[in-house]
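Below is one structure, written out as structure tokens; comments come after it.
Whatever order the structure lists ligands and atoms in, that order sets their numbers, starting from 1. For this chain, numbers begin at 1 and follow the sequence in order.
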Amino acid sequence: MGSHDNAQASFLLDKSAKVFVAGHRGLVGSAIVRKLTQLGFTNLILRSHSELDLTRQSDVEAFFDSEKPQYVIVAAAKVGGIHANNTYPADFIAINLQIQTNVIDSAYRHGVKKLLFLGSSCIYPKFAPQPIPENALLTGPLEPTNEWYAIAKIAGIKMCQAYRIQYNWDAISGMPTNLYGPYDNFHPENSHVLPALMRRFHEAKVKGAKEVVVWGTGSPLREFLHVDDLADACVFLMDKYGGLEHVNVGSGKEVTIKELAESMKEVVGFEGDLVWDTSKPDGTPRKLMDSSKLAGLGWTPKISLKDGLVDTYKWYLENVKQ
Ligand SMILES: NC(=O)C1=CN([C@@H]2O[C@H](COP(=O)(O)OP(=O)(O)OC[C@H]3O[C@@H](n4cnc5c(N)ncnc54)[C@H](OP(=O)(O)O)[C@@H]3O)[C@@H](O)[C@H]2O)C=CC1
Ligand SMILES: C[C@H]1O[C@H](OP(=O)(O)OP(=O)(O)OC[C@H]2O[C@@H](n3cnc4c(=O)[nH]c(N)nc43)[C@H](O)[C@@H]2O)[C@@H](O)[C@@H](O)C1=O
């Protein structure tokens, strides 16, 4: 490790520490709250978007001033699938830059001990070597459908690095692959592929439809990770990692969108056909991350895609208004 790396295994030692989980009602934030609660953390600080708009700098300053959290995990962001990213580029760049800049800077200025910023595998060049190592960052052009979001996320990584270099402050970044699980966004157009297909297949089964439309050609490859595994990795990084470089968090397993659609069809129990809408974008052809750095630190995922799909569909049936 270099001179700006300072790993201290201390996060898990004080379960009464004040931990601010930004974005706690989302897919990732809610999984992190479940994990921390399960581990015995008693002092989580949580604010919904309506209680604290993280794009408002003075409100964020006032919040840090009054609450004085000791640890921060940034899981609040403007998030969406390929269609949302492609349709609302201004929102994706501006809102994400605002949220992360306000939270990271306020956290530093208010004496937070450690902060974890979450980016995404879309930060890497469209044609990065596969599996993608951390050092592929900024080595080539981005995938156009999500470059606005990716630029914001790259700025977040660089901001954590800059504060570590200038202030020796313990800010780290994790780059998750495509995630899924309870409390995902199941919006028909703006969500990611996995929740979109779960909903579409379910609705088709209920209506007795003969066909389900799936976007693109079905050939792109994606790596999926259950959000409970991601939450476990976030806690692991908070406890064990203090390096300058961001860390990839993936499952190491990829499937084509066609394979994902076939598995979803089976899990949901839809018996009709798949129809491919090739007028919709495929996005990046492949983005398998090299997660060997995290494995080398001692963390590996546990939930297979098949088990994760079955559990998530069960959750969907019990929790999403039909
Ligand atoms: N989902 C995925 O596949 C992946 C996600 N990630 C990263 O994980 C993080 C969390 O994503 P995910 O949980 O999926 O996203 P979600 O959309 O499920 O959750 C994001 C949360 O942030 C909150 N939020 C958004 N804007 C604001 C704001 N201005 N002020 C306060 N809160 C706000 C949202 O509240 P509200 O809904 O009320 O606006 C929501 O609770 C992001 O950084 C994302 O980049 C990385 C890789 C893949
Ligand atoms: C996590 C990551 O998520 C986004 O990137 P993405 O991986 O391309 O996201 P996606 O899940 O929306 O699509 C994956 C693939 O699936 C296909 N696809 C089929 N049918 C549907 C469908 O019904 N909905 C969606 N959304 N996609 C579909 C779709 O055409 C594409 O080929 C980034 O913008 C960025 O936000 C980011 O970081």
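- Close contacts of ligand 1 with Ala76, meaning ligand atoms under 4.0 Å from a residue heavy atom, involve 22 (O).
- Within the set Asn190, Val193, Ile123, the minimum heavy-atom distance to atom 17 (C) of ligand 2 is found for Val193.
- Here the protein heavy atom with the shortest distance to atom 10 (C) of ligand 1 is Ala75 O, 3.3 Å.
- For the pair Lys287 and ligand 2, a heavy-atom separation below 4.0 Å is found.
- Atom 29 (N) of ligand 1 has Asp53 OD1, 3.0 Å as its closest protein atom, hydrogens excluded (heavy atom only).
- Protein heavy atom nearest atom 17 (O) of ligand 1, with residue, atom name and distance: Val79 CB, 3.8 Å.
- The contact set between ligand 2 and Cys122, taken as ligand atoms under 4.0 Å from a residue heavy atom, comprises 38 (O).
- Closest to atom 18 (O) of ligand 1 among all protein heavy atoms lies Leu27 N, 2.9 Å.
- The protein heavy atom nearest to atom 30 (N) of ligand 1 is Leu54 N, 2.9 Å.
- The shortest separation from a heavy atom of Gly119 to ligand 1 is under 4.0 Å, placing the residue in contact.
- Contacts between Lys280 and ligand 2, counted as non-hydrogen atom pairs separated by less than 4.0 Å, are absent for every part of the residue.
- Heavy-atom contacts of Leu118 reach the following atoms of ligand 1: 43 (O) (cutoff under 4.0 Å).
- Close contacts of ligand 1 with Thr177, meaning ligand atoms under 4.0 Å from a residue heavy atom, involve 47 (C), 48 (C).
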### Query
What do the steps show when you test Tyr241 against Phe236 for ring pair (Phe, Tyr, Trp, His ring centres under 6.0 Å), and what is the final call?
CA-CA 8 Å; Tyr241 186 68; Phe236 178 88; 9.2 Å; no
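- Ligand 1 lies within reach of His192, whose nearest heavy atom is under 4.0 Å from it.
- Close approach to Leu52 involves these atoms of ligand 1, each under 4.0 Å from a residue heavy atom: 30 (N), 31 (C).
- Residue Gly26 holds the heavy atom nearest to atom 16 (P) of ligand 1 of all those in Gly26, Gly80, Gly174.
- Inspection of the Tyr71 and Asn43 side chains reveals no N or O donor paired with an N or O acceptor under 3.5 Å.
- For the ligand labelled ligand 2, residue Thr145 lies outside the 4.0 Å heavy-atom shell.
- Among Ala150, Pro281, Gly80, Gly216, the residue whose heavy atom lies closest to atom 29 (C) of ligand 2 is Pro281.
- With hydrogens left out, the protein atom closest to atom 25 (C) of ligand 1 is Ala77 O, 3.4 Å, a heavy atom.
- Residue His49 holds the heavy atom nearest to atom 39 (O) of ligand 1 of all those in Gln100, His49, His24.
- If you check which protein heavy atom lies closest to atom 33 (C) of ligand 2, you get Asn146 ND2, 3.2 Å.
- With a 4.0 Å heavy-atom cut-off, ligand 1 is reached by the side chain of Tyr149 but not by its N, CA, C or O.
- Protein heavy atom closest to atom 3 (O) of ligand 1, with residue, atom name and distance, is Leu179 N, 2.9 Å.
- Arg200 counts as a contact of ligand 2, since one of its heavy atoms falls under 4.0 Å from the ligand.
- Scanning the protein for heavy atoms near atom 43 (O) of ligand 1, the closest one is Lys153 NZ, 2.7 Å.
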